[in-house]
There are 2 protein chains.
Amino acid sequence: MKLITRNTDYALRALCYMSKHEGLVTVGRLVQKLGVPQPFMRKILQKLNKERILESHKGQGGGFKLKISPKKIYMVEIMRVFQGPLGLNGCFLKKDICPNKGKCVLRKKIRSIEEGVLGQLREITIASLI
Amino acid sequence: MKLITRNTDYALRALCYMSKHEGLVTVGRLVQKLGVPQPFMRKILQKLNKERILESHKGQGGGFKLKISPKKIYMVEIMRVFQGPLGLNGCFLKKDICPNKGKCVLRKKIRSIEEGVLGQLREITIASLI
DNA sequence: ACAAATGATACTAATATGGTATCATTATTA
DNA sequence: TAATAATGATACCATATTAGTATCATTTGT
Ligand code: FES
Ligand code: FES
């Protein structure tokens, strides 16, 4: 059971790198530094761009850079982008599966645990990692 | 990103049911009550038996029952059985992947979050769910 | 002996994750 | 203005995990 998948991981590393290096950074440079497959890294950066965490510049001399301060990039947000929102499993979400539905204790408990986890994750920003 | 997979879920429901009903419970009865595919449920119960959380009795009139008190069946243990130990991803574990290795801040942070999650999960027992 | 249960194990299907390949678009610069 | 070096978009493939099935063997009560 892993808390963090590979693309989240790579994204975090890329963001850390960029927060330490001002200006545009190309995918090529990143993979050289971080040892990650290039097309995969590219996909990841493109997603971060779409999510408006990075900004991109095309053409020669182009590349990516942080769009927002490392202090405002939360790890939990990166996890959400690549792993979807932290959630329960089918049973707890899709009510049709479960017979208990409303009065389920477990569901409430899990909810509160989630809140706890999120609370802790929310304290971690890229700035706090570098 | 789901915290709990289906087999964990089914296992929890089965354990809850059994803690409410003394005596042997057959797979057939469980799937009837919980609406879960029979062979899958069987596999799950067999695993719980191997893990010595349930005990089983073969033959006519047989079935499963709790081997230990619901107060001592921890949710985190059920998760471990079906989802493996709560852990980090490849990067953080397999050092060969990551260039940072020792001096990684993220790794430590994640560790501490894990401890927090585990701490909360450890408070949840089957007894606390029924 | 038979029926009703689990034990063991191998197999298949579906989904999620990890990763590639390719062509289109944009901007720099010689 | 054409070559080049970058990203955008998208479709595709590979692998791993999860979910579920199928089958035969074993045990036990009647
Ligand atoms: S909602 Fe399904 S067990 Fe609680
Ligand atoms: S161990 Fe890999 S980024 Fe920390």
Side-chain angles (χ1 to χ4, degrees), chain A residues 1-11 13-14 18 23-32 34-65 67 79 81-87 89-91 94 97, chain B residues 1-11 13-14 18 23-32 34-65 67 78-79 81-85 87 89-91 94 97:
Chain A
M1 183 203 184
K2 52 190 171 185
L3 213 49
I4 292 178
T5 56
R6 212 114 146 199
N7 41 18
T8 299
D9 173 12
Y10 291 164
R13 291 202 235 169
M18 287 191 239
L24 293 172
V25 179
T26 69
V27 174
R29 180 148 189 78
L30 270 174
V31 305
Q32 188 189 342
L34 304 179
V36 159
Q38 183 165 84
F40 193 33
M41 180 55 102
R42 219 178 133 197
K43 196 159 102 173
I44 289 167
L45 295 184
Q46 287 182 354
K47 190 155 195 181
L48 289 172
N49 178 42
K50 274 190 187 166
E51 297 282 336
R52 303 181 170 268
I53 292 160
L54 294 180
E55 66 184 51
S56 72
H57 292 270
K58 285 185 179 178
Q60 195 169 344
F64 295 89
K65 60 180 284 203
K67 189 161 193 171
M79 290 174 73
V81 167
F82 293 102
Q83 307 179 36
L86 179 59
N89 76 334
C91 158
K94 298 179 211 146
I97 295 181
Chain B
M1 181 203 184
K2 52 189 172 186
L3 213 51
I4 293 178
T5 56
R6 210 113 145 200
N7 41 18
T8 300
D9 172 12
Y10 292 163
R13 290 201 236 169
M18 286 192 242
L24 294 172
V25 178
T26 70
V27 174
R29 178 147 190 81
L30 270 174
V31 306
Q32 188 189 344
L34 304 178
V36 159
Q38 183 164 85
F40 193 33
M41 180 56 103
R42 218 177 133 196
K43 197 160 101 173
I44 289 167
L45 295 184
Q46 285 183 355
K47 192 156 194 180
L48 288 172
N49 178 42
K50 274 190 187 167
E51 297 282 334
R52 304 183 170 266
I53 292 160
L54 293 181
E55 65 183 51
S56 72
H57 293 270
K58 285 186 181 177
Q60 195 170 345
F64 296 88
K65 59 180 282 201
K67 190 161 192 171
I78 307 301
M79 290 174 72
V81 167
F82 292 102
Q83 308 179 35
N89 76 335
C91 158
K94 299 179 210 146
I97 295 181

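The chains referred to below are lettered A, B, ... by the order of the sequence lines, with proteins before strands, and numbering in each begins at 1.
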Spacing of A:Lys43 atom NZ and A:Lys47 atom NZ [to the nearest 0.5 Å]
8.5 Å
Say you draw a straight line from CD of B:Gln60 to OG1 of B:Thr26; how long is it, rounded to the nearest 0.5 Å?
12.0 Å
Yes or no on side-chain contact (heavy atoms from CB on, under 4.5 Å) for B:Asn49 and B:Phe64, after CA distance, side-chain angles and deciding distance?
CA-CA 8 Å; B:Asn49 178 42; B:Phe64 296 88; 4.3 Å; yes
If you look at every heavy atom in [X] and [Y], which pair is closest and at what distance?
| X | Y | value |
| --- | --- | --- |
| A:Met79 | A:Ile4 | CE-CG1, 4.4 Å |
| B:Val36 | B:Met41 | CG1-CB, 3.9 Å |
| B:Val25 | B:Met18 | CG2-CG, 4.1 Å |
| B:Ala14 | B:Leu45 | CB-CD2, 4.1 Å |

At under 4.0 Å between heavy atoms, what does A:Pro39 touch on the DNA or RNA strands: base, sugar-phosphate, or nothing?
base
Hey, can you pull the residues of residues 51-63 of chain B with a non-hydrogen atom under 4.0 angstrom from DNA chain D?
B:Lys58, B:Gly59, B:Gln60
Without decimals, in angstroms, what is the distance between [X] [atom1] and [N] [atom2]?
| X | N | atom1 | atom2 | answer |
| --- | --- | --- | --- | --- |
| B:Ile44 | D:dT18 | CD1 | P | 13 Å |
| B:Gln46 | D:dA25 | CD | P | 16 Å |
| A:Phe64 | D:dA5 | CZ | C1' | 13 Å |
| B:Asp9 | D:dG20 | CG | C1' | 15 Å |
| B:Met41 | D:dG20 | CE | C1' | 13 Å |
| B:Asn7 | D:dT21 | CG | P | 13 Å |
| B:Tyr10 | D:dT18 | OH | C1' | 11 Å |

Is there side-chain contact between B:Ile78 and B:Leu48, with at least one heavy-atom pair below 4.5 Å?
yes
Tell me, do B:Arg42 and B:Gln46 make a side-chain contact under 4.5 Å, heavy atoms counted?
yes
Between A:Lys50 and B:Thr8, the residue closer to the 5' end of DNA chain D by nearest nucleotide is A:Lys50
Judged by nearest nucleotide, the residue sitting upstream toward the 5' end of DNA chain D, B:Phe82 or B:Arg42, is B:Phe82
How about A:Lys67: does its NZ atom have over 12 heavy atoms from other parts shown lying under 6.0 Å from it?
yes
Under a criterion of less than 4.0 angstrom to any heavy atom of chain A, what are the 5'-terminal and 3'-terminal contacting nucleotides of DNA chain C?
C:dG18 to C:dT28
For DNA chain C, write out the stems as range with range, using runs of 3 or more consecutive Watson-Crick or G-U pairs with both distances under 3.5 Å.
C:1-30 with D:1-30
Taking for each residue the nucleotide of DNA chain C with the nearest heavy atom, is it B:Thr26 or B:Lys43 whose nucleotide lies nearer the 5' end?
B:Thr26
Walk me through it: do B:Leu30 and B:Val27 pass the test side-chain contact (heavy atoms from CB on, under 4.5 Å)?
CA-CA 5 Å; B:Leu30 270 174; B:Val27 174; 5.5 Å; no
